[in-house]
Amino acid sequence: MRPDTPELWSPPAEADPQQPRQVRRILRLFRPYRARLAVVGLLVAASSLVSVATPFLLKEILDVAIPEGRTGLLSLLALGMILSAVLSGVFGVLQTLISTTVGQRVMHDLRTAVFGRLQRMSLAFFTRTRTGEVQSRIANDIGGMQATVTSTATSLVSNFTSVVATVVAMIALDWRLTVVSLLLLPVFVWISRRVGDERRRITTRRQKQMAAMAATVTESLSVSGILLGRTMGRADSLTRSFADESERLVDLEVRSNMAGRWRMAVIGIVMSAMPAFIYWTAGMALQLGGPDVSLGTIVAFVSLQQGLFRPAVSLLSTGVQIQTSLALFQRIFEYLDLPVDITEREDPVHLDQVKGEIRFESVSFRYDDGARGREDARGTTDGDGRGEGGAAGPVLDGIDLTVPAGGSLAVVGPTGAGKSTLGCLVPRLYDVTGGRVTLDGVDVRDLDFDTLARAVGVVSQETYLFHATVAENLRFAKPDATDEELHAAARAAQIHDHIAALPDGYDTVVGERGHRFSGGEKQRLAIARTILRDPPVLILDEATSALDTRTEHAVQEAIDALSANRTTLTIAHRLSTIRSADQIVVLDAGRVAERGTHEELLASGGRYAALVRRDARLEPTR
């Protein structure tokens, strides 16, 4: 068994001391819907009273109306029983409608809260969390709570009210028979709690296994995953791996459904047998000269007891279901309680006009333990997986740079030098751990998110396109953009003619992650999207490094059009794309090793000159 495989058995756990707090937190989810729940409570109470009245009507029929031949009373009592059934049905439908609506609203609130929380997480969280795990929390865990939040709460109130009303009615009929009927109730409650604890533990492991399987599906059945699996000849291996994951889930599902099933079945059998026991008790009491109980009382009592059976068993089962759902709520609350690293100040600075001056003032940065080892925003590692500075070393250290408004800065250096991390600090994909980054003299941590989003545009090597039309992908940057604005942006990015030549034009669906387009075409679509956004500051993160030379030239022309009159920070491996930059900085192990213009750095004969010579040697092989 793999180390990360959920175990299929674990010893019984002690009671969770956090459960009362967690239950209170769950109840707070329903607080906005108190008025509707109050209506449900009234309907439940009315339904319980109506259902309890039926046995009393039956008693009067058997003890009075039939023996005394009172046909008028008989008809009235029979009509009352029919009316009780009709009212119970109407109340039940209304109760279900309101409770289901409330439950679905609570699920909507949970989904939205989790999604909103994740939107606020820093990039570091997503570089260390599998996408399938995130999807499983939102889909499987919240989906698994549907029965609990839509019907369990109402069922709990309804069944509890029915049980209380029925017990009171039974006492009113004959308290001695009631005592006999309820002798085993404490034992049943104890059994149901044990079953609930067992199912909750199994459910926790089952949801983890479902998350692991969802992650496998997400990674293996994406376009990139299929390409990798086919080209590496690993399709059969991936299928076997998925089968193993599914097999573990089968075992957990069976155990989850069978946990305590025999014990709950025994409870059902005992409660089903209770009417026979009551008939026997009443008959023996009469034979032995005990208290006289009328036939109508016995029949009405047994009717009440049978009416008690359904809500009592349901109440015990509901308790088990709530215990099981606590595991799902706990997994959702874990995400809702995640600390948000990138936050907006209570009184953030808003800039109506952004000139675009960027300053790095004594900037240092290191990843936390979870994110360390990722050199850039794409989550890649630095060769040894620890980062240039080793396990505890900084990714950036003592960076002082200034890019004037409308100016251009190029950052080069070996893999793992911290280039992409430097670019991520400007739009606050990460926050500095020392020093500060300013935009027009204002610390980016003091700016509101809207200002920062409008001010900084990013074009990276890994272009992301939604599975939507070309127009919808472009309008993601500016939802109210007109067709003329889309065409103008596409022309500036030198992609309009290609789009217009497609059968569906701008209504062409780009496919999963844009795989219907080539790398260069996707890059130009991304550039057009950024042009539409029109940011005064532009971060180009190795935007052409994965392209062939011919495509690179076409994309570079689009980039040049995009960079005009903007503050531009370019991160590049290919030095041919940054020779015209106002300033070039060479990073090495997170520090500035050299800085100057292309000509100045060539003349100095240092690291930059060595990189240029390396590019010159590689040029013929491109």
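This is a predicted model, so every value here is computed, not measured.
- The shortest non-hydrogen separation linking Ala468 to Glu472 is CB-OE1, 3.1 Å.
- Contact record, Ile342 with Phe449: O-CZ, 3.9 Å, taken as the closest heavy-atom pair.
- In this structure, CD1 on Ile584 lies 3.5 Å from CD1 on Ile578, to the nearest 0.5 angstrom.
- By the 4.5 Å heavy-atom criterion applied to side chains, Leu422 and Val411 are counted as neighbours.
- The backbone N or O of Gly356 lies less than 3.5 Å from a partner atom in the side chain of Thr567, making a donor-acceptor pair.
- Test Thr451, Val444, Val537 against Val456 for side chain to side chain contact (heavy atoms under 4.5 Å, CB included) and you get one pass: Val537.
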Determine, stepwise, if the pair Leu396 / Phe360 fulfils side-chain contact (heavy atoms from CB on, under 4.5 Å). CA-CA 11 Å; Leu396 297 172; Phe360 297 87; over 6 Å; no
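- Paired with Leu486 under the rule side chain to side chain contact (heavy atoms under 4.5 Å, CB included), one option of Leu474, Ile499, Val470 passes, and it is Leu474.
- When atom types are taken as modelled, the side chain of Glu357 and the backbone of Pro404 share no donor-acceptor pair closer than 3.5 angstrom.
- Side chain of Arg117 to backbone of Leu336: a donor-acceptor contact under 3.5 angstrom is found.
- The side-chain heavy atoms of Leu569 and Leu538, taken from C-beta on, include no pair separated by under 4.5 Å.
- Relative ring orientation between Phe365 and Tyr430 is described as tilted, the plane-to-plane angle lying within the 30° to 60° band.
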Could you please spell out the steps behind the side-chain hydrogen bond (donor to acceptor under 3.5 Å, both in side chains) verdict for Arg359 and Thr402? CA-CA 4 Å; Arg359 288 181 180 269; Thr402 299; 3.2 Å; yes
Under the side-chain contact (heavy atoms from CB on, under 4.5 Å) rule, what do Leu401 and Leu409 come out as? Steps first, then yes or no, please. CA-CA 9 Å; Leu401 296 170; Leu409 170 70; 4.0 Å; yes
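- Distance check, rounded to the nearest 0.5 Å: CZ of Arg533 to CZ of Arg454 gives 8.0 Å.
- Between the side chain of Arg366 and the backbone N or O of Thr433 there is no donor-acceptor pair closer than 3.5 Å.
- Taking the side chain as every heavy atom from C-beta outward, Val363 and Val437 approach each other to under 4.5 Å.
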Before giving the answer on side-chain contact (heavy atoms from CB on, under 4.5 Å), spell out for Val510 and Asn473 the whole-Å C-alpha distance, their side-chain angles and the decisive distance to 0.1 Å. CA-CA 9 Å; Val510 302; Asn473 271 281; 3.6 Å; yes
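- Residues forming a side-chain hydrogen bond (donor to acceptor under 3.5 Å, both in side chains) with Arg607 (at least two apart in sequence, or on another chain): Asp588.
- We find the OG-CZ distance between Ser408 and Arg566 to be 14.0 Å, quoted to the nearest 0.5 Å.
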Show your working on side-chain contact (heavy atoms from CB on, under 4.5 Å) between Glu594 and Val585 and close with a plain yes or no. CA-CA 6 Å; Glu594 293 179 331; Val585 168; over 6 Å; no
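- Heavy atoms only, all atoms of each residue included: Tyr506 and His496 are closest at OH-ND1, 2.7 Å.
- Taking a 6.0 Å sphere around CG of Asp347, one finds it holds more than 12 heavy atoms contributed by other residues, nucleotides or ligands.
- Here the closest heavy-atom approach between residue Ala455 and residue Pro536 is recorded as O-CD, 3.2 Å.
- Note that the CZ atom of Phe517 and the CG atom of Leu525 stand 5.5 Å from one another [nearest 0.5 Å].
- The pair Asp443-Arg428 does not meet the salt-bridge criterion, since no charged nitrogen lies less than 4.0 angstrom from a carboxylate oxygen.
- When only modelled atom types and interatomic distance are considered, Asp507 and Thr469 share no side-chain donor-acceptor pair under 3.5 Å.
- The backbone N or O of Ile495 sits nowhere less than 3.5 Å from a side-chain atom of Arg524 that would complete a donor-acceptor pair.
- Between the CZ atom in Arg25 and the CZ atom in Phe333 there is a gap of 5.0 Å [rounded to 0.5 Å].
- Under the 4.5 Å side-chain criterion, counting only non-hydrogen atoms from C-beta, Val354 is in contact with Leu439.
- Residues Leu587 and Ile399 form a side-chain contact, since some pair of their non-hydrogen atoms from C-beta on lies under 4.5 Å apart.
- Remark: Lys355 does not engage Asp440 in a salt bridge, criterion side-chain N to carboxylate O under 4.0 Å.
- Counting heavy atoms from C-beta on, the side chains of Asp400 and Val592 never come closer than 4.5 Å.
- Remark: Phe115 CZ is loosely packed, at most 12 non-hydrogen atoms of other residues, nucleotides or ligands lying under 6.0 Å away.
- Heavy atoms only, all atoms of each residue included: Ser420 and Asp541 are closest at OG-OD1, 2.9 Å.
- Here the shortest heavy-atom pairing between Ala528 and Ala489 reads O-CB, 3.5 Å.
- Summarising the local packing, CZ of Arg591 is surrounded by 12 or fewer heavy atoms from other residues, nucleotides or ligands at distances under 6.0 Å.
- Going from atom CG of Asp483 over to atom NE2 of His487 covers 5.0 Å, rounded to the nearest 0.5 Å.
- Looking at Leu29 and Asp109, their side chains never come closer than 4.5 Å, going by heavy atoms from C-beta outward.
- With contacts defined as side-chain heavy-atom distances shorter than 4.5 Å, the pair Leu465/Arg529 qualifies.
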